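Report on the following structure.
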Number of protein chains: 2
Amino acid sequence: MDNGVRFNIPHCTGKETDYLQEAVATGKISGNGMFTKKCQAILEKITKTPKVLLTTSCTDALEMCAILMEIQEGDEVIMPSFTFVSTANAFILRGANIVFVDSRADHPGMDEDKVEDVITEKTKAIVAVHYAGVACNMEKLRSIADRHSIFLVEDAAQAIESEFKWSDGRESVLGSIGELGTLSFHETKNIQCGEGGALLINKPEFEKRAEIIWEKGTNRTAFWRGEVDKYGWVDIGSSFLPSELNAAFLYAQLENVVAIQKRRLEIWEQYYTGFQPLFETKKVRAPFIPNYAANNAHMFYLVCVSEEERTNLIAHLKSVDIHAVFHYQSLHASPYFKNKHDGRPLPWSDTYSKCLVRLPLHLHLGTEDVARVITSIRAFYSKKR
Amino acid sequence: MDNGVRFNIPHCTGKETDYLQEAVATGKISGNGMFTKKCQAILEKITKTPKVLLTTSCTDALEMCAILMEIQEGDEVIMPSFTFVSTANAFILRGANIVFVDSRADHPGMDEDKVEDVITEKTKAIVAVHYAGVACNMEKLRSIADRHSIFLVEDAAQAIESEFKWSDGRESVLGSIGELGTLSFHETKNIQCGEGGALLINKPEFEKRAEIIWEKGTNRTAFWRGEVDKYGWVDIGSSFLPSELNAAFLYAQLENVVAIQKRRLEIWEQYYTGFQPLFETKKVRAPFIPNYAANNAHMFYLVCVSEEERTNLIAHLKSVDIHAVFHYQSLHASPYFKNKHDGRPLPWSDTYSKCLVRLPLHLHLGTEDVARVITSIRAFYSKKR
């Protein structure tokens, strides 16, 4: 038997194919069909958001945010440098200038205390990226956004079912705190359909226009509801809505969200416990979860002491057929952006770019697979001493 | 048994579910996987295009065209008014001003002889929409575009497997003549996956950048090919690539393109023959196919003498449980665009908006269903006399 441990294997619950067949049998597999509506309803419940629209990707949901906020040429949008390119591209496509902020010393997420320093008259929005599903300090960010009358968007791509706890004890689901939030259902996510996403609309004034933009700039959604007698071109927009094939697949996953999250958390805890000796001796740094943040077990990462050590660790794991990966390259230092960046050093973003390693975390891993990853990494560090 | 005739029922070949399961079994259902590559290969063969990229929709493929052509604020793009909103929105999102051209007297497609009149210094591209899969006169349009050094894009959303015959007898597949072409796999199309599309790249200089834009502005495709040692952010872009779920489904359809087209053409011919008495007495106008254009049997439409007559015809058909529809509303007269239009009257576009009716044409129709539609429409017209 193959004893290799792959970085990711998309999980199926077993109902995906049934629902795909059901979608085909309805005679409608274009967007906004039965399964799209079912997914949106379940997501509204999970996220406690008044209105959710499925999209073809989290990227597309972010592009909808940029259109809804009427981002214009020259508007500034603040976000972390340590994030996926789509966080930035979605706003650049509408003409925004991106202002990147460093990561925190204790966590790859954006340093909330650095945000206010870069706000100018041109700032239109802050995009909070909940790295690894771990909440940004939304109390700080919400307060900054409100004080400056700018939008707060949550890129909750990795953050399904995760939460933020306010200082008064209330809890909010991630994606429901900003005026707009986005989720990803890319195959590497907890809940997935290969490629997919959702837009969470928390500001009711956005709802009507969001439906129009989603339906290619037409008022077709209102037409289906019988609110207008024929539909036409009323706004800009794109084809942001996914096929019912994606929605049917996704629905099977969403129905099983509790079981999926439970198992992911077990794996996460097994890693965390297994690496305790390395954490205690500071051989490698543990993932940090602030006390206001929940853990949705999207990711298990380690932070090595140097890029060289990370390279060696990944190579060592590869030699024993375990597939670990790194990501993101600091966006402010990328080939595309380096000449556009204002020159502020963002050292923590660079550190995570060089030193962070992600371990396999998916539902095809058994306890023994996780144990083998732990043993292999502990062996790597004991050899080093 | 239900004797109703629905306007469209998406056809399945029977292999879709097998391929969906196969995709899931590969352990990779995000974009650019095995089935995406298989679909692209088969499309390159069918369209005789050097490079094809699958997209989440034809809308998205058109947006890629706008990015590749570097459409800027104030650039002008020429296209028919009688088309789907996405033809226009894709370019408006990049800042273009749209210049709409009327339809032909004999066909809803763009009047090629009106194009040169609206070319200015700011014109960047002509978008030829092959309405109903019937070719525009590409010899005229290619010559105009070349003479003015502007781009020619083919919105071949409805035109899979259709052709244009040049005056020297050569034949070109639609989508392969412009610098860029786009296809749709929306569920109403001959070949479909609910929502889907493809970009056809006929200008090799666009290939490398197209792959980058498709992969969210990263050089990931080059990375997979081993051309670069890590991938990063190098350009603008979006998540234009579909899930393997869509690609797997689509592949089953593409494998059967010959049989699907054959059956569609039979239905089309049955309609055409059945309506001969109405055509001869000019009660209703037949679809027109110029001698340089092939017929891919995407659509069977009739043109009524008035809007009132069309309304009555659709109502009559509905009363006998036959679902016929109209489309498009002239874009130049739409709520979104009417104040942006330069005031030129586009009477033929308005005529088709008011008088064109589309009949059911899909693979769930038997000969007797088509016969019933014909009989019902002939009965409508004989009652009128």
Side-chain angles (χ1 to χ4, degrees), chain A residues 6 8-10 12 16-17 20-21 23-24 27-31 56-60 63 67 73 84-86 88-90 92-95 186-188 192-197 216-218 230-239 241-246 249 329 331 334-337 364, chain B residues 6 8-10 12 16-17 20-21 23-24 27-31 56-60 63 67 73 84-86 88-90 92-95 186-188 192-197 216-218 230-239 241-246 249 329 331 334-337 364:
Chain A
R6 287 173 62 176
N8 186 56
I9 301 177
C12 285
E16 283 81 357
T17 315
L20 284 164
Q21 284 171 323
V24 168
K28 175 175 163 48
I29 57 169
S30 60
T56 50
S57 61
C58 188
T59 304
D60 278 38
E63 289 175 13
I67 295 174
E73 198 75 34
F84 189 57
V85 291
S86 290
N89 262 334
I92 292 174
L93 283 173
R94 306 304 308 143
H186 184 264
E187 70 170 8
T188 51
Q192 60 92 24
C193 60
E195 304 275 349
K216 308 159 194 88
T218 73
K230 69 171 91 164
Y231 74 90
W233 188 22
V234 295
D235 205 338
I236 57 172
S238 182
S239 187
L241 71 186
S243 162
E244 278 286 287
L245 299 175
N246 308 284
F249 191 97
Q329 303 298 299
L331 292 185
S334 66
Y336 178 70
F337 203 83
H364 290 257
Chain B
R6 287 173 62 174
N8 186 56
I9 301 177
C12 285
E16 283 81 357
T17 315
L20 283 164
Q21 284 171 323
V24 169
K28 175 177 161 48
I29 58 169
S30 60
T56 50
S57 62
C58 188
T59 304
D60 278 38
E63 288 175 13
I67 295 174
E73 198 75 31
F84 188 56
V85 291
S86 290
N89 263 333
I92 291 173
L93 283 173
R94 306 304 308 142
H186 183 264
E187 69 171 7
T188 51
Q192 59 92 24
C193 60
E195 303 276 349
K216 308 160 195 87
T218 73
K230 70 172 89 162
Y231 74 90
W233 189 22
V234 295
D235 205 338
I236 57 172
S238 182
S239 186
L241 71 184
S243 162
E244 279 286 287
L245 299 175
N246 307 283
F249 191 97
Q329 302 300 297
L331 293 184
S334 66
Y336 178 71
F337 204 83
H364 290 257

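Each chain gets a letter, A, B and so on, in the order its sequence line appears, and its residues count up from 1. Computed from a predicted model, the values in this text were never measured in an experiment.
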Heavy-atom contact with chain A under 4.5 Å, split by part of [X]:
{"X": "B/Lys230", "result": "side chain"}
{"X": "B/Leu93", "result": "both"}
{"X": "B/Ser86", "result": "side chain"}

Taking [X] for the side chain and [Y] for the main chain, is one N or O donor matched with an acceptor at less than 3.5 Å?
{"X": "A/Ser243", "Y": "A/Ile29", "answer": "yes"}
{"X": "B/Glu187", "Y": "A/Ser30", "answer": "yes"}
{"X": "A/Asn246", "Y": "A/Thr56", "answer": "no"}

Looking only at heavy atoms and a cut-off of under 4.5 Å, which of [options] has the most pairs with chain A?
{"options": "B/Ile67, B/Asp235, B/Ile9, B/Leu241", "answer": "B/Asp235"}
{"options": "B/Gly95, B/Pro335, B/Ala90", "answer": "B/Pro335"}
{"options": "B/Gly237, B/Gly196, B/Cys12", "answer": "B/Gly237"}

Revision key, fill the gap. Residues A/Cys193 and A/Phe249: closest non-hydrogen pair is CA-CD2, 3.6 Å
Study note, to complete from the structure: Of all heavy-atom pairs linking B/Arg94 and B/Ile236, the shortest is NH2-CD1, 3.9 Å
Less than 4.5 Å to any heavy atom of chain B: does that hold for the side chain of [X], its backbone, both, or neither?
{"X": "A/Leu20", "answer": "side chain"}
{"X": "A/Glu73", "answer": "neither"}
{"X": "A/Val234", "answer": "both"}
{"X": "A/Glu16", "answer": "neither"}
{"X": "A/Ser238", "answer": "both"}
{"X": "A/Ser239", "answer": "both"}
{"X": "A/Leu331", "answer": "both"}
{"X": "A/Glu244", "answer": "neither"}

Student check: side-chain heavy atoms of [X] and [Y] closer than 4.5 Å:
{"X": "A/His186", "Y": "A/Gln192", "result": "no"}
{"X": "B/Ser334", "Y": "B/Gln329", "result": "no"}
{"X": "B/Asp60", "Y": "A/Asp60", "result": "yes"}
{"X": "A/Val85", "Y": "A/Tyr336", "result": "no"}

Point to revise | Value rounded to 0.5 Å, distance of SG in B/Cys58 from CD in B/Glu195 | key: 11.5 Å
Revision key, fill the gap. Given A/Ile92, A/Leu245, A/Asn89, the one with more heavy-atom pairs under 4.5 angstrom with chain B than any other is A/Asn89
